[in-house]
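Worksheet: the structure to be examined is printed underneath.
Because only heavy atoms are used, hydrogens play no part in the values below, and waters and symmetry mates are left out as well, while side chains stay in.
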Amino acid sequence: ELKVEQNPLFLSMQEGKNYTIYCNYSTTSDRLYWYRQDPGKSLESLFVLLSNGAVKQEGRLMASLDTKARLSTLHITAAVHDLSATYFCAVWRGKIIFGKGTRLHILP
Amino acid sequence: EPEVTQTPSHQVTQMGQEVILRCVPISNHLYFYWYRQILGQKVEFLVSFYNNEISEKSEIFDDQFSVERPDGSNFTLKIRSTKLEDSAMYFCASSQQDSGANVLTFGAGSRLTVL
């Protein structure tokens, strides 16, 4: 059974700081996703990573994938309050399997 | 930008009642999914649907659940006899393909409250 584990599950940080969310998964997959969810809202696709060493960046967020280690990271640079949300890592195995999510709270 | 539309946004029902949640996927998408999220918890896969049949379903998707694509646009999730533990946000998603980048686009969700 595929397991997707994120850490931390909750992160409170100051604006302007950098931090990384980690995502480990238990079996091989050819696709890894990062989604964002604001409270009470839907899931918004941020990144899709398809190959070992893939790196994608959008604004202050950068995602990377190491398929050998079965590890993806989501790095936040110089956090701003608008990035407060829950971030889900998800892995494809015929369907998307989500991690538990990391609730990110950025203090102004 | 194309979007997945879900109705109702919120439904309150009594335990034992039947509920139908409706979804209109993006028009050129071929793969359809239902997920659910119990408040504050992880997003769980329920079922995937392609070519008018179920591709895969999870343990959660028992005999009380069914899906249907009654016409060319709607994709429905029916819960025959709701239980308290069915209270959750139900998300419909669709994608164009199941290979390559295959991004699932999610709807805004239908919140189901079972009393």
Side-chain angles (χ1 to χ4, degrees), chain A residues 1-11 21 23-27 29-51 54-56 58 63 65 67 72 84-105, chain B residues 1-7 9-10 21 23-26 29 31-50 54-61 67 88-113:
Chain A
E1 181 191 339
L2 172 63
K3 289 187 185 345
V4 182
E5 296 190 356
Q6 290 182 235
N7 73 85
L9 297 182
F10 182 79
L11 177 58
I21 300 170
C23 173
N24 287 95
Y25 53 100
S26 59
T27 60
S29 172
D30 59 0
R31 266 165 270 174
L32 187 131
Y33 303 82
W34 285 96
Y35 278 85
R36 168 180 171 149
Q37 185 181 38
D38 291 298
K41 302 290 187 184
S42 187
L43 295 139
E44 175 193 353
S45 176
L46 295 174
F47 302 107
V48 183
L49 302 167
L50 300 178
S51 58
V55 176
K56 289 197 174 178
E58 180 74 33
L65 178 62
T67 57
S72 180
S84 296
T86 299
Y87 292 85
F88 289 94
C89 163
V91 175
W92 175 262
R93 285 288 280 191
K95 69 271 189 186
I96 287 184
I97 303 296
F98 285 87
K100 289 185 177 180
T102 296
R103 190 175 301 180
L104 178 63
H105 182 53
Chain B
E1 188 173 329
E3 58 181 32
V4 175
T5 306
Q6 289 186 243
T7 55
S9 57
H10 188 192
L21 305 178
C23 169
V24 179
I26 294 172
H29 284 190
Y31 297 82
F32 313 114
Y33 308 83
W34 283 102
Y35 284 79
R36 80 171 186 191
Q37 185 179 33
I38 294 171
L39 186 63
Q41 298 188 29
K42 69 187 288 186
V43 181
E44 300 174 293
F45 169 76
L46 292 178
V47 66
S48 57
F49 192 88
Y50 169 72
I54 290 174
S55 308
E56 189 169 351
K57 59 185 180 180
S58 71
E59 291 175 354
I60 302 167
F61 195 89
V67 288
M89 182 75 93
Y90 289 81
F91 291 105
C92 174
S94 69
S95 67
Q96 202 167 27
Q97 59 195 31
D98 70 345
S99 59
N102 185 31
V103 174
L104 269 63
T105 302
F106 285 81
S110 292
R111 180 174 298 283
L112 176 65
T113 303

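For B:V103 against A:Y33, the heavy-atom pair with the smallest separation is CA-CE2, 4.2 Å. Smallest separation of non-hydrogen atoms from A:F98 and B:V43: CB-O, 3.6 Å. For the pair A:S42 and B:A108, the tightest heavy-atom approach, listed with the atom from each and the gap, is CB-CA, 3.7 Å.
The part of B:Q37 that comes within reach of chain A is its side chain, from C-beta onward, which places non-hydrogen atoms under 4.5 angstrom from that chain. Only the side chain of A:Q37 comes within less than 4.5 Å of a heavy atom of chain B; its backbone N, CA, C and O stay farther away.
For the atom pair NZ of B:K42 and OG1 of A:T86, the computed distance is 14.5 Å after rounding to the nearest 0.5 Å.
Residues meeting the salt bridge (Lys or Arg N to Asp or Glu O under 4.0 Å) test with B:E56, sequence neighbours left out: A:K95.
Applying the side-chain contact (heavy atoms from CB on, under 4.5 Å) test between A:I96 and each of B:F45, B:Y33, B:Y35 identifies B:Y35 as the sole match.
The 12-atom threshold is not exceeded at NZ of B:K57, counting heavy atoms of other residues, nucleotides or ligands nearer than 6.0 Å.
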